[in-house]
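Worksheet: the structure to be examined is printed underneath.
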Amino acid sequence: QVQLVESGGGLVQAGGSLRLSCAASGLAFSTSAMGWFRQAPGKEREFVAGITSSGSNVVYTNSVKGRFTISRDNAKNTVYLQMNSLKPEDTAVYYCARKFFGGGYDEAHRYNAWGQGTQVTVSS
């Protein structure tokens, strides 16, 4: 049984920061690439960031480059998403996911386990 639990979402003013956490259990976390996705109301799920199993390589969608940082602590079975300079368009439910299928990080079908999501709301 794989379980991913996100936390850290909330309401923040534009320009502010939040740090999301994703605690993993029931999987070989240290050998699993991970990713963050988000979904706004009425929108399709969007890739945000991905990270290799060791944390040696990361990838971001263009809209968050320079503002968001994905990281992981394998000793704690946790993935993080540090979000700075937040904008109203960042408002969405954020999900962490385990990458299972090989290939690029930006396609949701390459992931086979998902958390319940955490709401991030950025006010103007």
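Computed from heavy atoms alone, side chains included, the values below leave out hydrogens, waters and symmetry copies.
Listed by first then second residue, pairs satisfying salt bridge (charged side-chain N to carboxylate O under 4.0 Å, His left out) with a partner in residues 107-124 read E107-R110, not counting sequence neighbours. Among pairs with a residue in residues 29-59, none fulfils disulfide (SG to SG under 2.5 Å), at least two apart in sequence or across chains. Applying the disulfide (SG to SG under 2.5 Å) test to every pair with at least one member in residues 52-87, sequence neighbours left out, gives no pairs at all. Identified under the ring pair (Phe, Tyr, Trp, His ring centres under 6.0 Å) test for residues 11-53, with sequence neighbours left out: F37-F47, F37-Y111, F37-W114. The salt bridge (charged side-chain N to carboxylate O under 4.0 Å, His left out) analysis of residues 58-74, with sequence neighbours excluded, yields the pairs R67-D90.
By the criterion of side-chain heavy atoms lying less than 4.5 angstrom apart, applied directly or through intervening Ile, Leu, Val, Met, Phe, Trp or Tyr residues, I70 is not grouped with Y95; the two fall into different hydrophobic clusters. Both L4 and V79 are members of a single hydrophobic cluster when ILVMFWY side chains are connected at heavy-atom separations under 4.5 Å. A continuous path of hydrophobic side-chain contacts links V58 to L20 [ILVMFWY only; heavy atoms under 4.5 Å].
Applying the side-chain hydrogen bond (donor to acceptor under 3.5 Å, both in side chains) criterion to T121, with sequence neighbours excluded, gives Q119. Residues satisfying the side-chain hydrogen bond (donor to acceptor under 3.5 Å, both in side chains) test with Y94, not counting sequence neighbours, are R38. Looking at residues two or more places apart in sequence or on another chain, you find no side-chain hydrogen bond (donor to acceptor under 3.5 Å, both in side chains) involving S53. Every side-chain hydrogen bond (donor to acceptor under 3.5 Å, both in side chains) that S32 has, sequence neighbours left out, goes to R98. Residues passing the side chain to side chain contact (heavy atoms under 4.5 Å, CB included) test with S123 are L11, Q13, sequence neighbours excluded.
The backbone N or O of V48 lies less than 3.5 Å from no partner atom in the side chain of T61, so there is not a single donor-acceptor pair. Looking only at distances, no side-chain donor or acceptor of Y105 sits under 3.5 Å from a matching main-chain atom of K99.
Nearest heavy-atom pair across R45 and A108 is NE-CB, 4.0 Å. When all heavy atoms of T118 and G8 are compared, the pair lying nearest together is OG1-N, 4.2 Å. Between S63 and E46, the shortest heavy-atom contact is OG-OE2, 4.1 Å.
One distance of note links SG of C96 with CE of M34; it measures 5.0 Å at 0.5 Å rounding.
In this structure, F101 belongs to a hydrophobic cluster whose other members, linked by side-chain heavy atoms under 4.5 Å apart, are F100.
When side chains are defined from C-beta on, V59 does not count as touching D106, because their heavy atoms never get closer than 4.5 Å. Looking at heavy atoms from C-beta onward, V120 lies in side-chain contact with L18 at the 4.5 angstrom threshold.
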Donor-acceptor contacts under 3.5 Å from residues 80-88 side chains, at least two apart:
from: Q82; atom 1: NE2; to: N84; atom 2: OD1; distance (Å): 3.0
from: N84; atom 1: OD1; to: S17; atom 2: OG; distance (Å): 2.9

